[in-house]
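Reading through the structure tokens given below for one structure.
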Protein chains: 2
Amino acid sequence: MDSEHNKSIGRLISLLNKYGNVYMNEKLKDYNLGAGQYQFLMVLYQNEGLSQDEVASILKMDKGTTARAIAKLESEGYVERKVFNTDKRVKKLYLTIKAHEFEKEIRSILTNWKMVLANGLSTEEQNITLVLLNQIALNAEEYLDCKH
Amino acid sequence: MDSEHNKSIGRLISLLNKYGNVYMNEKLKDYNLGAGQYQFLMVLYQNEGLSQDEVASILKMDKGTTARAIAKLESEGYVERKVFNTDKRVKKLYLTIKAHEFEKEIRSILTNWKMVLANGLSTEEQNITLVLLNQIALNAEEYLDCKH
DNA sequence: GTGTTTTAGTTGCAGGTGCAACTATATAAT
DNA sequence: ATTATATAGTTGCACCTGCAACTAAAACAC
């Protein structure tokens, strides 16, 4: 997975990750959020009432990272954590009015970034990109899971 | 750039970045290196004698990050920094014998990862992936550069 | 019911990163 | 020659992340 090309896939991935973070940190600055929280918020926009563990699982993120991101979202007023009656260990996550009012804005920010990335790519190319990246991510995940 | 698919491109990129880091940190542990340094080493394997600034520019990495990574490589014995005679601000980076002896190993580690990622992808798909990611990275870079 | 194992969330630790400010050096302008 | 501006590298700061250890609660085994 080389080599006619200047940059290896590892380089490209880390570059793209950096660019995305820089963009998101800039755009979310005025909302007191950073690149580390928005993904959690987006999951909750789709599934309110999930536990932290469920969100971490969906995003394939570390539990500690999840707890800290949700704590930030809570302290900034976007999320409420409520202990679940049936299982006292569990905290269910609910969006605040502030979060709901923010939804259109965050979706707009994300859409803009996607448009930036997709500039000059046909619809087919965009789809192929996603399909291939999904496959690659699956490969990586399976490999790392097998090693445990 | 969505949406038939479960995961957005932003999600996939950050996931892949994470997986790559986890892999590299694990593989480099015994060499006292982490995911933060190998890219610098790889550039130096191709171009010994570059300055820090040149390496940072090639990798499109922050100067501070570069300085810290190179400092780590130096303290672990992979790199020597030498002040450049003509311009005393500049430090030229040279590889040590240890680095040269390590080259085959690091290349093997990277090749393995690439093979993991490419599993099940045809040569054409692999090439398309790189072409598309290059284009996307270029899009992102141009957009962020224009904003300054 | 009691003891053991598993699980959700929290926290410590260490690593890595971008932005900004700073110092020393070089370059450009006067 | 002197002053102003630019540049290479360093360091502070804040942010984010995975791994591991821990606590409290739940599930499982006897």
Side-chain angles (χ1 to χ4, degrees), chain A residues 14-29 32-40 50-57 59-76 79 81-93 141 144-145 147-148, chain B residues 14-26 28-29 31-40 50-57 59-76 79 81-93 141 144-145 147-148:
Chain A
S14 69
L15 254 193
L16 280 166
N17 194 57
K18 187 249 307 267
Y19 292 143
N21 284 341
V22 167
Y23 172 81
M24 291 307 297
N25 280 328
E26 173 64 30
K27 290 291 185 178
L28 296 179
K29 187 167 34 172
N32 284 317
L33 297 179
Q37 293 91 46
Y38 77 92
Q39 287 193 36
F40 297 94
L50 293 179
S51 68
Q52 281 182 206
D53 199 55
E54 284 167 330
V55 175
S57 181
L59 289 174
K60 303 188 200 302
M61 296 277 273
D62 173 67
K63 291 197 305 182
T65 304
T66 302
R68 276 179 281 239
I70 300 293
K72 167 80 176 180
L73 286 168
E74 188 181 42
S75 77
E76 292 297 336
V79 162
R81 288 188 279 191
K82 295 185 178 175
V83 174
F84 188 39
N85 258 336
T86 312
D87 182 340
K88 296 294 194 300
R89 298 172 303 179
V90 175
K91 295 187 174 176
K92 296 285 190 178
L93 309 174
E141 190 182 326
L144 293 176
D145 281 347
K147 300 198 62 78
H148 308 327
Chain B
S14 69
L15 255 191
L16 280 166
N17 194 57
K18 187 249 305 264
Y19 292 143
N21 284 342
V22 169
Y23 173 79
M24 291 307 297
N25 281 328
E26 173 64 31
L28 297 179
K29 189 169 28 172
Y31 304 98
N32 282 318
L33 297 178
Q37 292 90 47
Y38 78 93
Q39 288 194 34
F40 297 94
L50 292 179
S51 69
Q52 282 181 207
D53 199 55
E54 283 167 330
V55 175
S57 182
L59 289 174
K60 303 189 199 303
M61 296 278 273
D62 173 67
K63 290 197 307 182
T65 303
T66 302
R68 278 178 280 236
I70 300 291
K72 167 80 175 180
L73 286 168
E74 187 181 43
S75 76
E76 292 297 337
V79 162
R81 288 187 279 193
K82 295 185 179 176
V83 174
F84 188 39
N85 259 336
T86 312
D87 183 341
K88 295 296 196 298
R89 299 173 302 179
V90 174
K91 294 187 176 177
K92 295 285 186 175
L93 308 175
E141 189 182 328
L144 293 176
D145 281 346
K147 300 197 64 77
H148 310 325

(request) Taking only the side-chain nitrogens and oxygens of A/T65, find out if one of them lies under 4.0 Å from OP1 or OP2 of D/dG18. (result) yes
(message) Using the side-chain heavy atoms of B/K88, tell me which of these nucleotides is nearest: C/dT25, C/dA8, C/dT10.
(response) C/dT25
(request) Verify, without hydrogens or angle tests, whether B/K60 (side chain) and B/E141 (backbone) share a donor-acceptor contact under 3.5 angstrom. (result) no
(message) Can you work out whether A/K72 or A/T86 has the more 5'-proximal nearest nucleotide on DNA chain D?
(response) A/K72
(message) Over all strands shown, is B/A35 touching base, sugar-phosphate only, or nothing at heavy-atom distances under 4.0 angstrom?
(response) sugar-phosphate
(message) Please pick, from D/dG18, C/dG9, D/dA8, the nucleotide with the shortest atom-to-atom distance to any side-chain atom of B/V22.
(response) D/dG18
(request) Could you tell me whether the side chain of B/K91 has a donor or acceptor atom within less than 3.5 Å of a complementary atom in the base of D/dG9? (result) no
(request) Pick base, sugar-phosphate or nothing for B/D62, based on heavy-atom distances below 4.0 Å to the nucleic acid. (result) base
(request) In whole angstrom, give the distance that lies between atom CG of B/N85 and atom P of C/dA26. (result) 11 Å
(request) Figure out the CE/P separation between B/M61 and D/dT10, and round it to whole Å. (result) 15 Å
(request) Could you check if a side-chain atom of B/R81 sits within less than 4.5 angstrom of a side-chain atom of B/L93, using non-hydrogen atoms only? (result) yes
(request) Would you classify B/K63 as touching base, sugar-phosphate or nothing, given that sugar-phosphate means primed atoms plus P, OP1 and OP2, and contacts are heavy atoms under 4.0 Å? (result) base
(message) So, OP1 or OP2 of C/dG15: does either fall under 4.0 Å of a side-chain N or O from B/Q37?
(response) no
(request) Would you confirm whether B/E26, through its side chain, and B/Y23, through its main-chain N or O, come within 3.5 Å as a donor-acceptor pair? (result) no
(message) Is there a side-chain contact between B/I70 and B/V79 in this structure, where contact means two heavy atoms from C-beta onward sitting under 4.5 Å apart?
(response) yes
(request) Grab the CD-P distance between B/E26 and D/dC19 for me, whole Å please. (result) 9 Å
(request) Rounded off to whole Å, could you give me the CG-to-C1' distance for the B/L59 and C/dG16 pair? (result) 14 Å
(message) I want to verify a distance call: between D/dG9, D/dT17, D/dA26, whose nearest atom is closest to the B/D53 side chain?
(response) D/dG9
(request) Report the distance from atom CD1 of B/I70 to atom P of D/dT10, rounded to the nearest whole Å. (result) 10 Å
(request) Rounded to the nearest angstrom, tell me the gap between atom NZ in A/K82 and atom P in C/dG9. (result) 16 Å
(request) Scan A/T66 against the nucleic acid and name what it touches under 4.0 Å (heavy atoms): base, sugar-phosphate only, or nothing. (result) nothing
(request) Would you kindly give the CG-to-P distance between A/N32 and D/dA14, to the nearest whole Å? (result) 15 Å
(request) Evaluate the side-chain proximity of B/L33 to B/L73: yes if any heavy-atom separation is below 4.5 Å, no if none is. (result) yes
(request) Report the distance from atom CG of A/N17 to atom C1' of C/dT17, rounded to the nearest whole Å. (result) 11 Å
(request) Between A/R68 and B/N25, name the one whose nearest nucleotide on DNA chain C is closer to the 5' end. (result) A/R68
(message) With a 4.5 Å cut-off on side-chain heavy atoms, are A/F40 and A/K72 touching?
(response) no
(request) Compare the minimum distances between each of C/dA24, D/dT11, C/dG9 and the side chain of B/R89, then state the nucleotide with the smallest one. (result) C/dA24
(message) Between A/K18 and C/dT17, is there a contact of a side-chain N or O with OP1 or OP2 at under 4.0 Å?
(response) no
(request) Would you mind telling me which residue lines up with the more 5' stretch of DNA chain D, A/F40 or B/S51, judged by nearest nucleotide? (result) B/S51
